[in-house]
Protein chains: 2
Amino acid sequence: MGQWFKQLLKFNPHRECPLSLCMNSKHKQEKVAEREAELIDIAHDIVTKDGFAGLTMDKLVNASPYSKGTIYNHFSSKEDLISALSTHSLSLLIEMFKKLEDFDGNSREHVLAVHFTYQLYCQLEPTLFLCVLSARTPAVMEKTSPERNAIIKKKELEVTAMCDHAFQQGLADGSLKLSTGVAMHDLVFASWATGFGTNALLINAKAVEGVSRLEQKYALLRNVNFLLDGMQWQPLSSEFDYHDTWKKLELFFADYLKLLEER
Amino acid sequence: MGQWFKQLLKFNPHRECPLSLCMNSKHKQEKVAEREAELIDIAHDIVTKDGFAGLTMDKLVNASPYSKGTIYNHFSSKEDLISALSTHSLSLLIEMFKKLEDFDGNSREHVLAVHFTYQLYCQLEPTLFLCVLSARTPAVMEKTSPERNAIIKKKELEVTAMCDHAFQQGLADGSLKLSTGVAMHDLVFASWATGFGTNALLINAKAVEGVSRLEQKYALLRNVNFLLDGMQWQPLSSEFDYHDTWKKLELFFADYLKLLEER
DNA sequence: CGTCAAATTTGACGTATCGTCATTTTAGTT
DNA sequence: AACTAAAATGACGATACGTCAAATTTGACG
């Protein structure tokens, strides 16, 4: 429904003002942006209900109170719509990441926290995860407006900034050291690749093999621990109970996990 | 063209017998299988030329000497065709893996060899890589014949068997040890996730940011080394020059790399 | 309040693609 | 040569993308 998100985050919804007087005073740009958000929400619903392949411009037209022409006024093509969903998706992820500011722990635990959050997000919104993926496909990029591509890029920078932060912390407090010839960027990339690969494969395994959530519960933790141990990020997993961190995170995100269970 | 492959591997091509007499003696099943291979080759061409999104049943019909009905006799839907391309793609990968039997090195080097090969494959056939991905999508799986899905599963097992082999070697020669609560399967999964994630992100980065091949040349090696160091697989990267292994692999696959350069 | 021009919205339509199926053609047998 | 079972054909219906001329709304001005 896309509703869970707003509730959990107390998302500011640009509250619709019921007085037409108020409406009239609203600037045109605002109205357009509001309607675009409305359309993206509808598209989000369609995608969660009918899957990525079930997303159709005609369906969006029928599910919205607007006509085809108006829809195409917002999204120049289906690909543009997918990109719009991608930015929406990235926004959700960023909002989740922002919650992590309240999470306590050492710097390595913070990296785990980022991964935990990302996994949670992937499981809550597997189809949006797909949207983000395909939005970075040449075929899609070519057909989305340059402005929207710029927005995606900006959002992606925000996301990586979140990751960078944890690594900078590690460098700052000395628990992580750079060996010669390896930049921090390389470490962040390795971390991201591990998280991405693990989540992508797990989502897949779930679809193909029916691997249960319980079985895959600690797969990501394991993989990331291997990686961070390999980076010599102190304290090593042999010296610290990161399983405990994982459980702390489950508590921290109890609301979201509850949503996940309910399916 | 898909031709590079047959040349390099001296792929048995079920050579077409020019004598009609010979043709007549051929069993029906053989003829069907042959035509299917022919069609997949054409589809492969279309995909490499026009990209994944450019693959169309009508295009395949026009590019082949057969009619729509016949095509649909082979592939019950477009999704089925994608799955067929996926099995084709996996076969290519397996063929490449088989070459590795001639590669010398310790067991950890063999893991690197598997990753090197997989990366090479991803770079040579990025769109086929996409095919394999989307073939594992629920939307596609639902619409492909059970038999073909079974074939995919079998091929995937073959691929993972290749990976398993290197890990079993490590366990056998004592350079890799299992800690409690972690099965070999978990290690293989971690390895695969790292390779998959790194390659997927690199392909993407290439498309989006224009990251050059040179820049990403050693990214995978770095990531895998972190991982295997984290697994305590001896000898550690601090004690052994795996860069050298990587270079040996470049030499070993010189033919393929040359093809890659030529683009 | 009425008029008019610019901006916006509308939905019917053109084109492309998927997948079907009645008809035709081929292959094999007697 | 006649006949039947299997295979191939391509016209056709359905669905989806994207366009554009016409209709509607907006808001500026007298």
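Quick note on labels: first sequence line is chain A, next is B, and so on, each numbered from 1. Side-chain atoms are counted along with the backbone in the values below, which use heavy atoms only and exclude waters and symmetry mates.
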For atom CG of A/Asp50 and atom P of D/dT15, their distance in whole Å: 15 Å
d(CE, B/Met57; P, D/dT9) in whole Å: 14 Å
Heavy-atom check, side chain of B/Glu38 versus side chain of B/Tyr66, under 4.5 Å: yes
Interatomic spacing from CG in B/Leu60 to NZ in B/Lys68 - rounded to 0.5 Å: 10.5 Å
Derivation and outcome, side chain to side chain contact (heavy atoms under 4.5 Å, CB included), residues A/Leu39 and A/Phe75: CA-CA 10 Å; A/Leu39 288 173; A/Phe75 313 109; 3.9 Å; yes
Distance, rounded to the nearest Å, where B/Tyr72 contributes OH and D/dA11 contributes P: 16 Å
Interatomic distance, A/Thr144 atom OG1 to A/Lys78 atom NZ [nearest 0.5 angstrom]: 15.0 Å
For atom CG of A/Leu60 and atom C1' of D/dG18, their distance in whole Å: 14 Å
Heavy-atom protein contacts under 4.0 Å, nucleotides 9-16 of chain C, coded B base, S sugar-phosphate only, - none: SBBB----
Parallel, tilted or perpendicular: rings of B/Tyr256 and B/Phe253 (30°, 60°): perpendicular
Any side-chain donor near an acceptor of the partner, B/His115 and B/Ser191, under 3.5 Å: yes
Intermediate values then yes/no, side chain to side chain contact (heavy atoms under 4.5 Å, CB included), A/Arg136 and A/Ile152: CA-CA 9 Å; A/Arg136 308 272 64 187; A/Ile152 293 184; 3.7 Å; yes
Derivation and outcome, side chain to side chain contact (heavy atoms under 4.5 Å, CB included), residues B/Val159 and B/Trp192: CA-CA 11 Å; B/Val159 169; B/Trp192 192 252; 3.7 Å; yes
Step-by-step side chain to side chain contact (heavy atoms under 4.5 Å, CB included) determination, B/Glu125 to B/Thr48: CA-CA 8 Å; B/Glu125 296 285 2; B/Thr48 41; 3.8 Å; yes
Nearest-angstrom distance from the residue atom CD1 of B/Ile71 to P of C/dT17: 15 Å
CG on B/Leu85 to CG on B/Asp80, rounded to 0.5 Å: 10.5 Å
Geometric class of the B/His44/B/His88 ring pair [parallel <30°, tilted 30-60°, perpendicular >60°]: perpendicular
Interface residues of residues 132-144 of chain B with DNA chain C (non-hydrogen, below 4.0 angstrom): B/Lys143
Spacing of B/Lys78 atom NZ relative to D/dT15 atom P, expressed in whole Å: 18 Å
Sugar-phosphate, base or nothing in reach of A/Ser77, heavy atoms under 4.0 Å: sugar-phosphate
Inter-end axis angle, the helix from C/dC1-D/dG30 to C/dT30-D/dA1, with every axis fitted to five base pairs (rounded, 10 degrees): 10°
Separation of C/dT20 P from B/Phe75 CZ (nearest whole Å): 15 Å
